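We use all heavy atoms of the structure for the numbers below, so side chains are in, but hydrogens, waters and symmetry mates are not. Keep in mind it's a predicted model, so treat the numbers as computed, not measured. Below, chain A is the first sequence line, B the second, and so on; all start at residue 1.
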Amino acid sequence: MRGFRSDFLRVLAERGFIHQCTDPEALDGAAAEGRITGYVGFDCTADSLHVGNLLSIMMLRWLQRTGHRPIALVGGGTTKVGDPSGKDESRRLLSEEEIARNRAGILRSLEKFLDFGGGEALLVDNAEWLDRLLYIPFLREVGRHFTINRMLAFESVRQRLEREQPLTFLEFNYMVMQAYDFLELSRRFDCRLQMGGSDQWGNIVCGIELARRAEGRQLFGLTCPLLTTASGAKMGKTAQGAVWLNEDRLPPFEYWQFWRNTEDADVGRFLRLFTELPLEEIARLERLQGAEINEAKKILAFEATRLAHGEEAARKAADAARRLFEGGEGSVAALPEVTVPRTRLAEGVPVVELFTLAGLAKSRGEARRLIRGGGARLDDRRITDEHLMIREADLGDGALKLSAGRKRHVLVRAA
RNA sequence: GGAGGGGUGGCCGAGUGGCUAAAGGCAGCAGACUGUAAAUCUGCCGGCGCAAGCCUACGUAGGUUCGAAUCCUACCCCCUCCA
């Protein structure tokens with residue numbers, strides 16, 4: 001990495017955050033000379049952010065840590081328009097209430113990573129200005145700086161056109177809205193930098209051009225790479241869906257597990273991107289070979305969970321995992337629990353039903369297949385009889401551990 | 001408005017009267033091997049059922065037939081070309 005003078009860009013470069021930057025030298029100069037303000041936008045399409053947003057969040061966090069001012073922009077306004085980037089179909093339009101609910105959830109995600117206290121990091125909603133725009137004045141002020149010729153050349157638009165998928169005029173305006181956001185933030189807060197995923201490059205550049213044409217101001221854009229795992233899968237997506245940052249969407253234990261199960265080849269890269277451990281420490285962990293690399297994965301899991309859920313939750317998750325996977329008795333308190341009424345247990349509950357009650361199988365048939373395949377266990381003993389009945393006496397000291405495979409466990413209690 | 005093509009399981013995609021709960025692939029789940037990794041191999045993969053079997057399912061609604069994802073009719077939706 002060609003030696004950056006500013007801490008901010010040096011850290012981002014060393015850790016592998018930088019994909020593209022509009023004018024690295026000038027941005028470096030500005031960040032070295034004084035405090036700059038930069039932002040990332042998050043649309044309110046779900047009630048929690050997820051691991052796919054984490055790179056952007058970490059960039060804001062580093063911006064703050066290196067002495068600058070981050071702005072988290074929630075897209076209360078742009079969500080009403082819908083970003084067509086990377087999508088073949090337009091998204092269902094969200095209602096005002098849904099957007100408000102999602103915005104609240106996104107704040108909870110962000111608060112963990114950024115310090116909004118004392119006027120440090122700022123939280124702004126673009127509905128503040130977008131909702132109030134007047135059509136004709138807006139077209140005259142902003143619209144005249146955009147040419148359709150240029151807009152049609154943008155990747156997000158071209159893709160839709162080439163695949164002959166419809167692109168509504170509403171969505172077509174998304175990039176104009178995002179460009180205007182940047183201009184507005186630069187006016188209100190002297191914000192000079194916009195960051196985001198590489199898919200946002202076009203939209204970011206749009207804003208930079210608008211500011212240059214409209215006011216002759218130089219703004220900067222910086223994108224992070226689109227992350228894939230070493231085996232090529234999109235980062236942060238699992239079969240169950242996105243890896244959410246909010247604990248009501250994904251318990252900290254599951255979050256910890258997600259990081260713990262990182263592929264060997266990704267460990268070093270992820271440590272640099274998703275933890276704040278010193279680079280020397282990471283280099284050491286990265287050198288671990290064979291089974292020893294599990295130590296590095298546990299540290300990755302702990303650090304990543306600490307950022308999203310706090311130290312306490314991270315410790316608990318690590319603890320629960322240790323008991324679960326590395327033998328030893330003791331309590332298994334961190335496992336999800338279900339309760340079954342004593343009256344039901346009195347007459348006996350078929351194991352297959354217990355598996356569905358515990359959420360470990362979608363149907364009794366699935367539970368039966370699980371048993372036939374040898375993947376079902378009861379207090380760590382393989383279940384061979386699919387007709388087994390469970391009674392209160394089987395709960396022993398109060399709880400029964402049901403397992404589907406090595407990793408999914410549920411405690412059953414009587415109530 | 002006219003002509004043509006198409007809608008099959010989570011996705012892709014075969015199937016053009018019974019042998020079809022529907023080939024194959026992907027994804028998923030489990031087992032083996034391991035290191036809670038990757039790769040590989042094996043099994044499972046609509047619901048209910050111990051089973052026989054029953055139910056639901058090939059855009060929607062009817063119909064023909066002993067029997068339909070497959071044939072007919074109407075409707076809905078998508079795409080292509082022309083105007």
Between [N] and [M], how many Å separate the two [atom1] atoms, rounded to a whole number?
{"N": "C81(B)", "M": "U56(B)", "atom1": "C1'", "answer": "40 Å"}
{"N": "A22(B)", "M": "G46(B)", "atom1": "P", "answer": "9 Å"}
{"N": "C45(B)", "M": "C29(B)", "atom1": "C1'", "answer": "7 Å"}
{"N": "U73(B)", "M": "G24(B)", "atom1": "C1'", "answer": "34 Å"}
{"N": "U80(B)", "M": "A68(B)", "atom1": "P", "answer": "36 Å"}
{"N": "C58(B)", "M": "U70(B)", "atom1": "P", "answer": "10 Å"}
{"N": "G7(B)", "M": "A14(B)", "atom1": "C1'", "answer": "15 Å"}
{"N": "U65(B)", "M": "C77(B)", "atom1": "C1'", "answer": "29 Å"}

Should the pair Glu286(A)-Arg269(A) be classified as a salt bridge under the 4.0 Å nitrogen-to-oxygen rule?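 So Glu286(A) does not pair with Arg269(A) through a salt bridge.
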
So among Arg101(A), Arg103(A), Arg249(A), which one has a side chain to side chain donor-acceptor pair (under 3.5 Å) with Asp47(A)?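 Only match with Asp47(A) under side chain to side chain donor-acceptor pair (under 3.5 Å): Arg249(A).
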
Whole angstrom is fine here: how far is it from [atom1] in [X] over to [atom2] in [N]?
{"X": "Phe253(A)", "N": "U36(B)", "atom1": "CZ", "atom2": "P", "value": "13 Å"}
{"X": "Ile383(A)", "N": "A30(B)", "atom1": "CD1", "atom2": "P", "value": "14 Å"}
{"X": "Asn261(A)", "N": "U36(B)", "atom1": "CG", "atom2": "C1'", "value": "5 Å"}

Counting primed atoms plus P, OP1 and OP2 as sugar-phosphate and everything else as base, spell out the protein contacts along nucleotides 43-50 of chain B at 4.0 Å heavy-atom distance: B, S or - for each nucleotide, 5' to 3'. -SS-SSBS

Which part of the nucleic acid, if any, lies within contact of Gln257(A), taking any heavy atom under 4.0 Å across all strands shown: a base, the sugar-phosphate backbone alone, or nothing? base

For a quick check of understanding: with a heavy-atom distance under 4.0 Å over all strands, which category does Ala321(A) fall into, base, sugar-phosphate or nothing? base

Strictly by salt bridge (charged side-chain N to carboxylate O under 4.0 Å, His left out), give each pair with a member in residues 56-66 of chain A just once, sequence neighbours left out. Arg61(A)-Glu276(A), Arg65(A)-Glu276(A)

With both distances under 3.5 Å as the test, what is the Watson-Crick or G-U wobble partner of [N]?
{"N": "G49(B)", "value": "none"}
{"N": "A30(B)", "value": "U42(B)"}
{"N": "C71(B)", "value": "G63(B)"}

By ring pair (Phe, Tyr, Trp, His ring centres under 6.0 Å) - contacts of His309(A) (at least two apart): Tyr255(A)

Indicate whether any N or O donor in one side chain lies under 3.5 Å from an N or O acceptor in the other, for Glu353(A) and Thr356(A).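 There is no such pair (donor and acceptor under 3.5 Å, judged by atom type) between the side chains of Glu353(A) and Thr356(A).
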
Test salt bridge (Lys or Arg N to Asp or Glu O under 4.0 Å) on Glu347(A) and Arg391(A) and set out the steps. CA-CA 7 Å; Glu347(A) 44 197 74; Arg391(A) 290 167 205 290; over 6 Å; no

